[in-house]
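To start, the structure under review is shown below, and the notes come after it.
None of these values were measured; they are calculated from a predicted model. When a ligand or atom number is given, it counts from 1 through the structure's own listing order. Note that these values count all heavy atoms, side chains included, but never hydrogens, waters or copies made by symmetry.
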Amino acid sequence: MNADFDIIVVGAGLVGLSSALACAHKGAKVCLLDAASPETSQDERASAVAASSFAMFEHLGIAETLGGYVQPISDMLIADGAVGEVSPLTLHFDSTDVGGPTGHMVENNRLRPALLRKVQDSKNIRLLAPVEILKTVRTPKGVTVTLKDKTNFTASLLVAADGRNSNLRQQAGIDVQRFAYEQKAIVTTFKHELTHDGVAHQIFFAGGPLALLPLTGQRCSIVWSDAARAVDAAMGLDEAAFTAELARRIGGFLGEIKLSAPRQAFPLSLQMAERYTDERLVLVGDAAHSIHPIAGQGLNMGLRDAAALADVVESSLSTGLDLGGAAIGDYEAWRNFDNKMLGMTTDMLNRLFTSRLGPLRHARRVGLAAVNRFKPAQAFFMKEAAGQSGDLPSLLQR
Ligand SMILES: Cc1cc2nc3c(=O)[nH]c(=O)nc-3n(C[C@H](O)[C@H](O)[C@H](O)COP(=O)(O)OP(=O)(O)OC[C@H]3O[C@@H](n4cnc5c(N)ncnc54)[C@H](O)[C@@H]3O)c2cc1C
């Protein structure tokens, strides 16, 4: 089949945009489709971009366009807390111990436009959004996508980057294992009086963790996970009452705080697709896996999918093999197990740290203190957080 494109990516979220750029960087001709206009997205989240994912943004020329909006994470402090009382037994990860920041904080409403501009500038990518996909047909010979206006596009491979409710995954009959947490997360940004020094804090309360993530310009982003009912109540508070409750949980170390962005609430679930491939189809990002934000790894997993896919694409193009053929099995083997392990780890952390059981609470406090004293264990966790362990795709390497 003489196809219009090598790859059609459906979904221009952070992972779809990155997948299109990564594959185009390796020489593929890519068509990128989204049902919504990427310019109109309202996302108040900020992402902790792991050091390895940030290396990919450097290779793709995105990091330089983010300019003054990138805040390196110099240190991470993890504490077991209760309102008004943060445990004196904290775990402390200093990035000078591993020779550089473990990650960088970037606001999604800065990152997505930066990715979008690169896509629009790329000669190898054609972006069409908003468009409505009428049908997709995948056969042993190739992929055809038909839009509502009856335009047809053909390609060798279809990439589903259409998020956690992925239509393409459902149409392929790929099952998911799903566990809905009885938690939601509130995301917003606040300005503060005292400097954060690039330190990220994660304070564990009985209902879930409160992450304080340093941003540029003396600001922090929060991800406040709590029981769904508590989140609904907090979302219902007026700004002054919400700020007062947040300040009470944080304690006074940042001085006066003032909200600087709207609040958004996200339901939390763990969802893992049973397989990542089907005939001429691969799943990337939240279409394949969606996890608890406790360790800030969901996007990083998706970026690793994008980089792994780009390596598989590069090796097929350079050897003249069919892009949608046996090579996609390598992607499945590379990414599925890795992502399931990380998903299970974040699930376990969430359960451990939200347990109200006295002995478990004591054990985790002692555990935090033990890891804090044991340098090799700290180095291991730092490497995991930086996304530098395992078999790294080429775009994630320095
Ligand atoms: C509160 C919270 C905080 C988080 N913090 C972090 C963090 O600090 N670090 C981190 O690594 N991760 C974090 N994550 C996870 C991360 O935000 C997600 O994993 C990531 O945004 C998923 O991106 P995606 O592109 O796969 O999916 P989405 O962002 O869901 O994008 C899907 C795209 O597909 C399009 N689409 C959907 N259906 C169709 C269709 N039928 N046709 C065409 N297009 C379609 C949509 O319009 C959308 O543009 C967090 C998550 C939450 C909930």
Side-chain angles (χ1 to χ4, degrees), residues 8-20 31-50 52-54 73 102-109 111-112 115-116 127-136 145 147-148 158-171 181 183-188 200 202 208-215 221-226 231 263-271 273 283-306 339 342-343 346 385 387:
I8 297 175
V9 179
V10 176
L14 296 177
V15 176
L17 289 162
S18 303
S19 301
C31 177
L32 176 58
L33 306 172
D34 201 294
S37 167
E39 270 108 2
T40 58
S41 144
Q42 293 290 327
D43 186 349
E44 295 300 334
R45 286 174 294 182
S47 295
V49 178
S52 60
S53 304
F54 201 73
I73 301 172
T102 48
H104 295 82
M105 287 307 306
V106 188
E107 288 146 277
N108 289 6
N109 58 23
L111 181 56
R112 201 166 183 211
L115 291 165
L116 190 60
L127 169 68
L128 292 165
V131 288
E132 192 176 326
I133 296 172
L134 202 59
K135 66 172 180 182
T136 55
V145 173
L147 303 184
K148 197 180 175 196
L158 187 62
V159 175
D162 49 350
R164 70 156 92 172
N165 299 320
S166 170
N167 261 346
L168 292 178
R169 184 190 66 224
Q170 290 171 36
Q171 284 163 12
Y181 296 111
Q183 287 173 313
K184 290 183 183 173
I186 304 174
V187 172
T188 187
Q202 181 99 267
L210 168 63
L212 306 175
L213 305 161
L215 298 178
S221 166
I222 64 158
V223 181
W224 171 359
S225 307
D226 210 325
V231 164
R263 287 169 259 167
Q264 283 183 335
F266 294 83
L268 302 180
S269 63
L270 172 71
Q271 182 174 282
L283 312 184
V284 293
D286 277 19
H289 43 75
S290 146
I291 63 169
H292 197 288
I294 190 167
Q297 289 298 328
L299 172 63
N300 290 298
M301 288 158 84
L303 295 177
R304 212 158 163 156
D305 296 345
N339 285 335
L342 196 50
T346 55

Checklist outcome for this item: Heavy atoms of D34 and G13 approach each other most closely as OD2-N, 4.0 Å
Item to check | Considering all heavy atoms, the nearest L213-A200 contact | outcome: CD2-CB, 4.3 Å
Checklist entry - Picking from V159, D286, L299, what satisfies side chain to side chain contact (heavy atoms under 4.5 Å, CB included) with V15? => result L299
Next on the checklist: Counting C-beta onward and ignoring hydrogens, is there a side-chain heavy-atom pair between R45 and P293 closer than 4.5 Å?
Outcome noted: no
Checklist entry - Under 3.5 Å between some N or O of ligand 1 and some N or O of N300? => result yes
Item to check | Numbering as shown, the atoms of ligand 1 that approach L14 to under 4.0 Å (heavy-atom distance) | outcome: 25 (O)
Checklist entry - Relative to ligand 1, is Q297 under 4.0 angstrom through side chain, backbone, both or neither, heavy atoms considered? => result backbone
Next on the checklist: For the backbone of R164 and the side chain of Q271, can you confirm whether one donor and one acceptor N or O come within less than 3.5 Å of each other?
Outcome noted: yes
Next on the checklist: List ligand 1 atoms under 4.0 Å from G298, heavy atoms only on the residue side.
Outcome noted: 10 (C), 11 (O), 12 (N), 15 (C), 19 (O)
Checklist outcome for this item: When every non-hydrogen atom of D43 is compared with those of F266, the smallest separation belongs to OD1-CZ, 4.3 Å
Checklist entry - What protein heavy atom sits nearest atom 37 (C) of ligand 1, and how far off is it? => result D162 O, 3.4 Å
Checklist entry - Is it the side chain, the backbone, both or neither of A46 that has a heavy atom closer than 4.0 Å to ligand 1? => result backbone
Checklist entry - Is ligand 1 less than 4.0 angstrom away from at least one heavy atom of R112? => result yes
Item to check | Heteroatom distance test (G296, ligand 1): nitrogen or oxygen, under 3.5 angstrom | outcome: yes
Checklist entry - Looking only at heavy atoms, is any part of N167 under 4.0 Å from ligand 1, and if so is it the side chain, the backbone, or both, or is it neither? => result side chain
Checklist entry - Measuring from the heavy atoms of G302, does anything fall under 4.0 Å of ligand 1? => result no
Item to check | Test of proximity, V15 against ligand 1: N or O pairs below 3.5 Å | outcome: yes
Checklist entry - Nearest heavy atom to atom 49 (O) of ligand 1: which of V131, I294, D34 does it belong to? => result D34
Next on the checklist: With a 4.5 Å cut-off on side-chain heavy atoms, are I73 and M105 touching?
Outcome noted: yes
Item to check | L303 versus S53, closest heavy-atom pair with distance | outcome: CD1-CB, 3.6 Å
Checklist outcome for this item: Of all protein heavy atoms, the one nearest atom 8 (O) of ligand 1 is A48 N, 2.9 Å
Checklist outcome for this item: Going by the 4.0 angstrom heavy-atom rule, the piece of L299 near ligand 1 is both
Checklist outcome for this item: Here the atoms of ligand 1 under 4.0 Å from any heavy atom belonging to G285 are 26 (O)
Next on the checklist: Looking at every heavy atom in both V231 and K184, which two are closest together, and how far apart are they?
Outcome noted: CG2-O, 3.4 Å
Checklist entry - Can you find an N or O of A287 that's nearer than 3.5 Å to an N or O of ligand 1? => result no
Checklist outcome for this item: Correct closest heavy-atom pair for L168 and D162 would be N-OD2, 3.2 Å
Checklist entry - What part of V187, side chain, backbone, both or neither, has a heavy atom within less than 4.0 angstrom of ligand 1? => result side chain
Item to check | Protein heavy-atom partner closest to atom 51 (C) of ligand 1 - residue, atom, separation in Å | outcome: R45 NH1, 3.2 Å
Checklist outcome for this item: Sorted by chain and residue number, the salt bridge (Lys or Arg N to Asp or Glu O under 4.0 Å) partners of R112 (sequence neighbours excluded) come out as none
Item to check | D226: salt bridge (Lys or Arg N to Asp or Glu O under 4.0 Å) partners, not counting sequence neighbours | outcome: R249
Checklist entry - Which one holds for A161 and ligand 1: side chain close, backbone close, both close, or neither close, with close meaning a heavy atom under 4.0 Å? => result backbone
Next on the checklist: Counting non-hydrogen protein atoms only, what is the nearest one to atom 26 (O) of ligand 1? Give residue, atom name and distance.
Outcome noted: D286 N, 2.9 Å
Checklist entry - Any idea which atoms of ligand 1 are less than 4.0 Å away from a heavy-atom of S47? => result 7 (C), 8 (O)
Next on the checklist: Just to be sure I read this right, does ligand 1 sit under 4.0 Å from the backbone of P293, its side chain, both, or neither, counting only heavy atoms?
Outcome noted: side chain
Next on the checklist: Any non-hydrogen side-chain atom of I294 less than 4.5 Å from a side-chain atom of Q202?
Outcome noted: yes
Checklist entry - Taking atom 29 (O) of ligand 1 as the point of reference, which of G163, G13, A295 owns the nearest heavy atom? => result G13
Next on the checklist: Please list, in number order, the atoms of ligand 1 under 4.0 Å from a heavy atom of G11.
Outcome noted: 33 (C), 34 (O), 35 (C)
Checklist entry - Less than 4.5 Å apart, any side-chain heavy atom of L342 and any of H289? => result no
Next on the checklist: Are I133 and L147 packed together at the side-chain level, in the sense that at least one heavy-atom pair is separated by less than 4.5 angstrom?
Outcome noted: yes
Item to check | Protein contact of atom 44 (N) of ligand 1 - nearest heavy atom, named by residue and atom, plus distance | outcome: A35 N, 3.1 Å
